[in-house]
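Dumping the structure here so I can ask a few things about it.
Owing to the predicted nature of the structure, the values given are computational and were not obtained by experimental measurement. What's counted below: heavy atoms across the whole structure, side chains too, no hydrogens, waters or symmetry copies.
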Amino acid sequence: MNKKTTIFLLPMIMAIFMLVLTPTVSAQETETREAGLTPNSPIYFIDTWSEDISLALTQGTEARARKQYDISQEKLSEIEEMAEIEDADAAETAADRYSSMVEGAAQTLSEAAQSGEEIDSALSELISTATARSAEVLLGVLEKVPEQAKTSIQRAIQASGQGSQKALEAVSAENREATQQQVEGSLQQARDKAPEEARQFIPKNIPSQPETNQEQGGSNAAPSLPDQAGQRGR
């Protein structure tokens, strides 16, 4: 390996080790994460590569869901930063990545719950409630981004609502009702503040029983938005 290659690869290798070796914080700790590299950086691909490699190396359902969630919160911070500087392309990239990770974390928990796997209810509660609260953060971003980025932000809002609903499926029966009330309260608060074009992407309510989600989905499900994830930064 020549010197130029080593210099090029060193930041990526360091980023991978940082993600793999950094201990996962507990579900009781704050869910907010600061943005690292942002999508307007020419070496942002190193960030996404290291995240994907770290996820691939993560063993266990809970650890994977937690890592997907942690990445989503970092992307949320990136979205806010890119909205502040009105960089539409970068905001779209972060929003698409956010949606992917929120959906991944929620699906991981949902599938585990459906298979009967025991999942730490505190983690499921955190992901469900915090993801619902993220919808309100994204509504603030929606007002700032240029028109071309609005669809990606709306999709991220939709991912927040639907992700919180799916994560709720893994919450223990004794804590589900209280968690559901928190989630619905956050989503209702977001709906109250949302402009008309965004309100339709926030669920009105959440079925009390996880197994009825598909049966009731027709009345509460948010309309689909164009899936732009995969075009940028997934």
- [ ] May I have the step-by-step check of side-chain hydrogen bond (donor to acceptor under 3.5 Å, both in side chains) for Asn175 and Ser172, ending in yes or no?
- [x] CA-CA 5 Å; Asn175 294 335; Ser172 63; 3.2 Å; yes
Open item on the list: Could you check whether any side-chain N or O of Ser164 sits under 3.5 Å from a backbone N or O of Gly161, counting only pairs where one atom can act as donor and the other as acceptor?
Closed with: yes
TODO: Might you point out which heavy atoms bring Leu109 and Ile119 nearest each other, and give the distance in Å?
DONE: CD2-CG2, 3.7 Å
Open item on the list: Quick check on the hydrophobic clustering: are Met82 and Val137 connected, directly or via other members, by side-chain heavy-atom contacts under 4.5 Å?
Closed with: no
- [ ] Considering only NZ, NE, NH1 and NH2 on the basic side and carboxylate oxygens on the acidic side, decide whether Glu51 and Lys75 come within less than 4.0 Å.
- [x] yes
- [ ] Specify the closest pair of heavy atoms between Ala91 and Ile153, including all atoms of both residues, with the distance to one decimal.
- [x] O-CD1, 4.4 Å
Task: Polar contact flag, side-chain donor to acceptor under 3.5 angstrom, Gln148-Asp89 - done: yes
TODO: Might you point out which heavy atoms bring Thr179 and Val171 nearest each other, and give the distance in Å?
DONE: OG1-CG1, 3.8 Å
Task: Ion pair check, Lys144 and Glu84, cut-off under 4.0 Å - done: yes
- [ ] Show your reasoning for whether side-chain hydrogen bond (donor to acceptor under 3.5 Å, both in side chains) applies to Tyr44 and Glu78.
- [x] CA-CA 11 Å; Tyr44 185 68; Glu78 291 175 11; 2.6 Å; yes
TODO: Measure across Glu62 and Asp120 and return the closest heavy-atom pair with its distance rounded to 0.1 Å.
DONE: OE2-N, 2.7 Å
TODO: To the nearest 0.5 Å, tell me how far Thr131 OG1 sits from Leu76 CG.
DONE: 9.5 Å
Open item on the list: Around atom CD of Gln114, are there more than 12 heavy atoms from other residues, nucleotides or ligands closer than 6.0 Å?
Closed with: yes
Task: Enclosure of Glu177 CD (heavy-atom neighbours >12, cutoff 6.0 Å) - done: no
Open item on the list: For Ser110 versus Lys166, what's the shortest heavy-atom pair and its separation?
Closed with: OG-NZ, 3.7 Å
Task: Contact summary for Ser124 and Ala167, nearest pair of heavy atoms - done: CB-O, 3.9 Å
Open item on the list: Are Ser134 and Gln73 packed together at the side-chain level, in the sense that at least one heavy-atom pair is separated by less than 4.5 angstrom?
Closed with: yes
Task: Exam field: side chain Gln68 to backbone Ala105, donor-acceptor pair closer than 3.5 Å - done: yes
- [ ] Measure the shortest side-chain to side-chain distance between Thr48 and Thr93 over non-hydrogen atoms and say whether it is less than 4.5 angstrom.
- [x] no
TODO: Ignoring hydrogens and angles, tell me if any N or O in the side chain of Ser115 forms a donor-acceptor pair with the backbone of Glu111 under 3.5 Å.
DONE: yes
Open item on the list: With a 3.5 Å distance limit and no angle check, can you tell me whether Ser54 reaches the backbone of Ser50 through a side-chain donor-acceptor pair?
Closed with: no
Open item on the list: With a 4.5 Å cut-off on side-chain heavy atoms, are Val183 and Gln165 touching?
Closed with: no
- [ ] Check for a donor-acceptor pair, side chain of Ser41 on one end and backbone N or O of Leu37 on the other, with a separation under 3.5 Å.
- [x] no
TODO: Report the distance from atom CZ of Phe201 to atom CG of Leu139, rounding to the nearest 0.5 Å.
DONE: 11.5 Å
TODO: Please check if any side-chain donor atom of Gln158 sits under 3.5 Å from a side-chain acceptor atom of Gln154, or the reverse.
DONE: no
Task: Carboxylate-amine/guanidinium contact Arg155 Glu103, below 4.0 Å - done: yes
Open item on the list: Using the rule side-chain contact (heavy atoms from CB on, under 4.5 Å), only one of Thr58, Ile127, Thr61, Leu126 pairs with Arg66; which is it?
Closed with: Leu126
Task: Any side-chain heavy-atom pair of Glu86 and Val145 under 4.5 Å - done: no
- [ ] Taking Arg97 for its side chain and Ser72 for its backbone only, find out whether a donor-acceptor pair lies under 3.5 Å.
- [x] no
Open item on the list: With a sphere of 6.0 Å drawn around CD of Glu197, does it hold more than 12 non-hydrogen atoms of other residues, nucleotides or ligands?
Closed with: yes
TODO: Enter the distance from Ser186:OG to Arg191:CZ here, rounded to the nearest 0.5 Å.
DONE: 14.0 Å
Task: From OH (Tyr98) to OG (Ser77), nearest 0.5 Å - done: 10.5 Å
- [ ] Measure the spacing between CD1 of Ile71 and CG of Asp47 and express it to the nearest 0.5 Å.
- [x] 8.5 Å
Task: Rounded distance [0.5 Å steps], CG in Leu138 versus CD in Glu143 - done: 12.0 Å
TODO: Please name the residue in the list Gln180, Gln181, Gln188 that meets the side chain to side chain donor-acceptor pair (under 3.5 Å) test with Glu184.
DONE: Gln180
